[in-house]
Amino acid sequence: MKTKDYIPEIDGLRGLAVLLVLFFHLLPSSLPGGFIGVDIFFVISGFVITKKILRDIETDKFSIVNFYINRVHRLFPALLLVLFVSLFFAFHIFSLDEFRRFGASFLSATISLSNFKFWRESGYFDVGADQKPLLHTWSLSVEEQLYILWPILILVAYKYLRGRVFLIIALIGLVSICASSVFLDDSASIFFLTPFRVYEFCIGALCIPLTTKNKVPRYSLTLFSYLAIIAILFQSFFLGQTDTFPFYNALPACVSAGILIVGSQGSWVGKFLSSRSMLFLGRSSYSIYLVHWPLIVFYKYYVYRDLHLTEVSTLLLASLFFGFLLHFSVEKRFRINSKEQLKTIFLRKNIVRFGTIISLASVATLTGAIIRTSDGMPWRITTGLAFDFNENAAAYVEALVKRRKGVLRDCPNDCLLGNKEIEEIVLFVGDSHMDHYTLALSEMSDSLPYRFKLITSAGCFFGQSYTSDTGAFESDCLEKQDELIHWLSNPNVIGVMHGQRWPGYRNLIIQKNDNSHVRFENSDSFLEAITGDVKDLYEKTRPLPLLLVGDSPDAPDINCAIKNKSSSPNCKNLLQENNASKIKAISNASDDYAGLSDYYLPRQSLCDQECGLLDKHGDMMYIDSNHLSLSGARIVLPQLLTKFYHLAAQRENY
């Protein structure tokens, strides 16, 4: 197999890819499909890495150990520096909850598992991308995972199936894209997980035999190169973030990238890609990609508002400048470029370099683990907060350390709260938006006229035909639903209080009978369907008096409110209005219920004239953007119980 060792157009294509990503992140409304730049990177990696492996195998110079060492030198020095610089800024400006999450992503990026981390977070538990400075490392983890398995696969295929290497690659790519079609409803999985991205790598690898001389007529390649650049630009401008991706929507960009690798040489497109500026940009593209997203996230976090055009331009230039600086000062210095260097890997200089990388990676791994398990290092934050909590600031920070304050864990007596002499039982059912009342309920339980059975599971949707696809929580969710059905047959149960984070399940609802994802036409139809399904759950088992509990209004500015004084004071500190369609859906579900029913919205208790984050004593009512603190739960729960008492009284007079 003889191909050109260096194809300058590939570096130019890297430059184009990183520009697409940059403009997508800075001007998403102007270039909504710019994220295909990442897919182009995957295609390029598939071509370059596979060609290098095959060339070394054919010349009997391939070593898996050397390959891994080369990849470590190529990727980790620049990555580790960006991680530690990001750590510095996150340490100084992030709130407790944000810094704890940052620690988890810091750890995942270090051990090449970012894609799994962000996949697990998608959906119910997700926070905005603007709060995730290391979100972009998911694509690096995909590549790093492929780098572990790919050389072994190629080596085995070459030795035992010689002449069929590319056939094997084609079959792997076909399996990958077919798997994407099978899991099409699980958009998070096909976006983040390596098996659903490997076909893009395969497309790059399959370009290798086409780069040999006289395989494809030159005039055909020239024509296709023009069509390819047009296709990439068209997708960049018109592909929407709501489109199913990657799957078939990624194919035009990936195939176009392959065409440009194979046939752009000599055409106008090739001259553009091999121009000095594009080559300069492409050779620094890895470092630019690493630095651009943390820069954007931390700056937007600091100003806490939409960016002006001048700021967008400044961030673009800053990304390029710091990317070039990182490339020339770190990336190039650690890179192993020649076989001679690999042969002398055990020289003192190379041992020191490799040892330094491994040591820093170990420190980063330990640091991420410590942050993740320390509740965000609360000692970082003093009483000097951006929002004036006066003398309550220190108490609030202490409360945040105990993130589950307001949530009762490991409750005794089968999670039955109240006087044991009382026979009548009320089921207290739902996800974490019911769970955050449980400690307040425990405080009051001995004085209540009923006993309360707690059946709660975070991220779990309790319904008749539907439940939630919640990954690690699925087992507990199913157990709790079985427990609910069991307790509904208990004659001592006289009513149900059922609450959910209703809008939080928008992309997570699955059918119980076959685990298939359920698509909804719009948010109104979604809310009507899930509230109706909760109603059906009790109608078809035992139509007890039912109080549907709305989710607490979101507090989007809470993290802004608890930033250090060095951060921006542009915090509104107000709760969001309840969604009108959500109120209507909950109301309709209670109106149509076969038994007695009603609904209650926590906002009625939390808000007077203005809906803020503090109660009348100056205590925070929230522990994060959507869960109540113990103070907040103490405000809502008495009125929630009063509402249920009226419902129960109607039952007795019914």
Side-chain angles (χ1 to χ4, degrees), residues 411 414-418 422-435 437-438 441 450-470 473-502 505 508-516 518 526-551 585-600 640-641 643-652 654:
C411 49
D414 202 20
C415 284
L416 272 168
L417 305 181
I422 298 175
E423 292 186 354
E424 292 183 314
I425 297 171
V426 176
L427 302 182
F428 202 78
V429 181
D431 57 16
S432 58
H433 278 244
M434 285 298 278
D435 216 2
Y437 298 115
T438 53
L441 182 64
Y450 309 113
R451 298 182 77 189
F452 286 82
K453 165 61 182 173
L454 308 184
I455 307 177
T456 59
S457 178
C460 180
F461 181 81
F462 291 78
Q464 171 65 22
S465 301
Y466 300 152
T467 187
S468 49
D469 179 11
T470 50
F473 299 90
E474 185 175 355
S475 175
D476 181 62
C477 178
L478 296 176
E479 289 176 7
K480 292 295 184 181
Q481 294 195 56
D482 290 341
E483 185 178 11
L484 171 60
I485 299 301
H486 169 74
W487 275 89
L488 283 171
S489 64
N490 189 316
N492 291 328
V493 172
I494 55 94
V496 181
M497 298 173 68
H498 184 119
Q500 303 272 183
R501 189 186 183 190
W502 303 99
Y505 296 97
L508 295 174
I509 293 297
I510 59 174
Q511 293 277 5
K512 281 185 175 180
N513 58 355
D514 60 5
N515 291 334
S516 62
V518 184
F526 156 69
L527 289 167
E528 289 290 344
I530 63 170
T531 51
D533 194 55
V534 170
K535 175 196 69 176
D536 291 344
L537 170 66
Y538 299 108
E539 282 185 331
K540 294 180 179 180
T541 50
R542 185 180 169 199
L544 296 163
L546 170 67
L547 181 65
L548 293 175
V549 183
D551 50 313
I586 297 174
S587 174
N588 288 345
S590 62
D591 288 343
D592 297 338
Y593 184 58
L596 293 170
S597 63
D598 205 344
Y599 72 96
Y600 189 79
L640 194 59
L641 292 172
K643 190 83 170 180
F644 181 80
Y645 297 156
H646 288 315
L647 194 62
Q650 291 178 45
R651 168 188 175 266
E652 293 174 2
Y654 191 62

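Numbers here are sequence positions counted from 1. Predicted, not measured: the structure shown is a model, and the values here were computed from it.
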Next item on the list: May I ask you to decide if G463's main-chain N or O and K512's side chain share a donor-acceptor pair within less than 3.5 Å?
Entry: yes
Item checked: Any donor-acceptor N/O pair, R501 side chain to H433 backbone, under 3.5 Å -> no
Note to self: In the structure I gave you, are the side-chain heavy atoms of V518 and Q511 within less than 4.5 Å of one another anywhere?
What the structure shows: yes
Notebook entry, point to check: Can you tell if the side chain of D414 reaches within under 4.5 Å of the side chain of K453, non-hydrogen atoms only?
Noted result: yes
Notebook entry, point to check: Do the side chain of E528 and the main chain of A589 share a donor and acceptor less than 3.5 angstrom apart?
Noted result: no
Margin query: Once you measure the plane-to-plane angle for H498 and F462, does it fall in the parallel (<30°), tilted (30-60°) or perpendicular (>60°) bin?
Written below: perpendicular
Item checked: L427 and its side chain to side chain contact (heavy atoms under 4.5 Å, CB included) partner, picked from W487, Y538, F452 -> W487
Notebook entry, point to check: So do V534 and W502 actually touch side chain to side chain, heavy atoms under 4.5 Å?
Noted result: yes
Notebook entry, point to check: Can a donor-acceptor pair be found between the side chains of Q464 and D533 at a distance below 3.5 Å?
Noted result: no
Check: With distance as the sole test, does S597 use its side chain to make a donor-acceptor pair with the main-chain N or O of S590 at under 3.5 Å?
Finding: yes
Next item on the list: Keeping the roles fixed (side chain from Y599, backbone from L546), state whether a donor-acceptor pair exists under 3.5 Å.
Entry: no
Next item on the list: Using a 4.5 Å cut-off on heavy atoms from C-beta on, say whether the side chain of T541 contacts that of L484.
Entry: no
Margin query: Are the side chains of M497 and K643 in contact, using a 4.5 Å heavy-atom criterion?
Written below: no
Next item on the list: Show the numbers, then the answer: is there a side chain to side chain contact (heavy atoms under 4.5 Å, CB included) between T467 and I510?
Entry: CA-CA 6 Å; T467 187; I510 59 174; 3.7 Å; yes
Notebook entry, point to check: When you measure from the side chain of S468 to the backbone N and O of Y505, does any donor-acceptor pair fall under 3.5 Å?
Noted result: no
Checklist line | Residue pair N588 / T531, side-chain heavy-atom distance below 4.5 Å | finding: no
Notebook entry, point to check: With a 4.5 Å heavy-atom cut-off, do F526 and I530 have their side chains touching?
Noted result: yes
Note to self: Quick check: do P545 and Q650 have side-chain heavy atoms less than 4.5 Å from each other?
What the structure shows: no
Checklist line | Check: N492 main-chain N/O paired with N490 side-chain donor or acceptor under 3.5 Å | finding: yes
Next item on the list: Apply the side chain to side chain contact (heavy atoms under 4.5 Å, CB included) test between R451 and each candidate in V426, I422, L417; give the one that qualifies.
Entry: I422
